[in-house]
Amino acid sequence: MGEHLTTWAMPWLRPTSFNLGVYGVLVFFLVSGYIIPTSLERHGDVRAFWIGRFFRLYPLYLVVIGLVLALAWWIPVRPEVSRDLSSVAAHATMLLDAVGAAGVLNTMWTLSYEMVFYLLVVALFTAGVRDRRGLLPVLFALVAAGAALVLPGPPLPGGWAALVSCGVFVTGMACVVAGRGRTVAAYVLGGMALVLVLSSSRVPWFGVAILAVMFAGTAVHRWERGQGPLWPVAVAVGVVAAMPLWALNAGWWWVRPGVWGLTILLAVLTFAAAMAWRARTIPAVLTWLGTISYSLYLVHLPILLAVMQVAGEMRWSPLPLQIGVSVAFLGLLVPASWLSHRFVERPMQLLGRRGIAKTRAK
């Protein structure tokens, strides 16, 4: 949210020594990697995991997509989004970036790698792989390094990847939830996710590097519990931080070695600080913001687009006007995020828990 707000409303406040948005994304991925695999292992139920994830992610995601499309007469959907069936398929699986498709909101690319991570984690769990040595983040970092050297772009671009992956995704999930061919389905879905990132994602090395970061979060959790070493995390982070030095596709300003390295360093320090302070009481306002964070993540961009449509170009506007528009945006965003959490997220999560309880009772 800060990255988008400072880009469009307060450009004088936007940092250029590091990328604020990518910093936030990396912290999020570290946290996700820290939580998700151990949560799955603790409950030990793949079907319950997927039911919970679908009711957690999809309801608000679909509502926001509907909102964006409903407002398309006023704020046109960005031209990068394909107007064909492949785009529908990519949005249906959330594997947008992994199949080279643009989302109706450009923030949705991060959900692609969250979904890829889920598919890989479930496959590893099904295979009994727990990675007690912490080698997975190093492995993915090395694969990303190799991809950076040889892949300037996706080797297999095209809308076919979205269509095929959607068919495999729907069939595989049906098998997992129904309990028929669950093991094979988990392996196929995990393998498909990894193949997509390497063959069809917009920047293959970047996608695999994100997976290295996520598995680094998992390795930290195992180290914390005395189940593995910490050195693989340092190796993986070091390799990922050095990637722009040789990557064939590293043309953005935020992938320059200095900017990229500082962004990663700040994300790691933030995560380390949170780990160091995890035993302390967290201020209630931060807990509340954490509670509505998924809503804030999905809702902020449509609201910001609407505010900027009304306010117009802000880059050369007087400072008081920039600040006023930003405050107005936040004044709309926070209540809207709470409302979407209260009336969309929470009811659907409760429904998902009831569904899980029913499946376990059978």
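- A side-chain donor-acceptor contact under 3.5 Å links Y297 and T110.
- For R278, the salt bridge (charged side-chain N to carboxylate O under 4.0 Å, His left out) partners two or more places apart in sequence, or in a different chain, are E224.
- In this view, L30 and V213, A216, F271 satisfy the side chain to side chain contact (heavy atoms under 4.5 Å, CB included) rule, not counting sequence neighbours.
- Ring pair W252/W254 is parallel by interplanar angle, where below 30° counts as parallel and above 60° as perpendicular.
- Without hydrogens or angle criteria, S87 side chain to D84 main chain gives no donor-acceptor distance under 3.5 Å.
- T107 OG1 to L304 CG: the interatomic distance, rounded to the nearest 0.5 Å, is 10.5 Å.
- Looking at R78, its side chain does come within 3.5 Å of a backbone N or O of G103 through a donor-acceptor pair.
- By the rule that hydrophobic residues join a cluster once side-chain heavy atoms approach within less than 4.5 Å of another member, F329 and M314 end up as members of one cluster.
- The aromatic rings of W260 and W205 stand perpendicular to each other, their planes meeting at an angle above 60°, with 30° marking the opposite boundary.
- Note on Y294: it does not cluster hydrophobically with I51, by side-chain heavy-atom contacts below 4.5 Å among ILVMFWY residues.
- Using a 3.5 Å distance cut-off with no hydrogens or angles, the side chains of E345 and S340 do not pair a donor with an acceptor.
- For R225 against T38, the heavy-atom pair with the smallest separation is NH1-CG2, 3.8 Å.
- Partners of D45 by salt bridge (charged side-chain N to carboxylate O under 4.0 Å, His left out), not counting sequence neighbours, listed by chain and number: R360.
- Between Y58 and Y61, the ring planes lie perpendicular to each other; the angle is over 60°, past the 30° to 60° tilted range.
- The ring-ring contact (aromatic ring centres under 6.0 Å, His included) test with F117 singles out one residue from F215, Y34, F29, F28, and that residue is F215.
- At least one donor-acceptor pair under 3.5 Å links the side chain of E313 to the backbone N or O of R315.
- In this structure, M214 CE and L136 CG are separated by 13.0 Å, a value rounded to the nearest 0.5 Å.
- Taken together through direct or relayed side-chain contacts under 4.5 Å among Ile, Leu, Val, Met, Phe, Trp and Tyr, M308 and W73 form part of one hydrophobic cluster.
- Note that CZ of F140 is 5.5 Å distant from CG of L194, once rounded to the nearest 0.5 Å.
- Remark: the backbone N or O of A98 is not paired with any side-chain donor or acceptor of S201 at under 3.5 angstrom.
- Between L296 and L333 the shortest heavy-atom distance is CG-CD2, 4.1 Å.
- A donor and an acceptor atom, one from each side chain of T270 and Y23, are located under 3.5 Å apart.
- The shortest non-hydrogen separation linking A236 to P137 is CB-O, 3.5 Å.
- Contact between L67 and P302 at its shortest, heavy atoms only, is CD2-CB, 4.3 Å.
- In the hydrophobic cluster analysis, where Ile, Leu, Val, Met, Phe, Trp and Tyr join through side-chain heavy atoms closer than 4.5 angstrom, L248 is grouped apart from L156.
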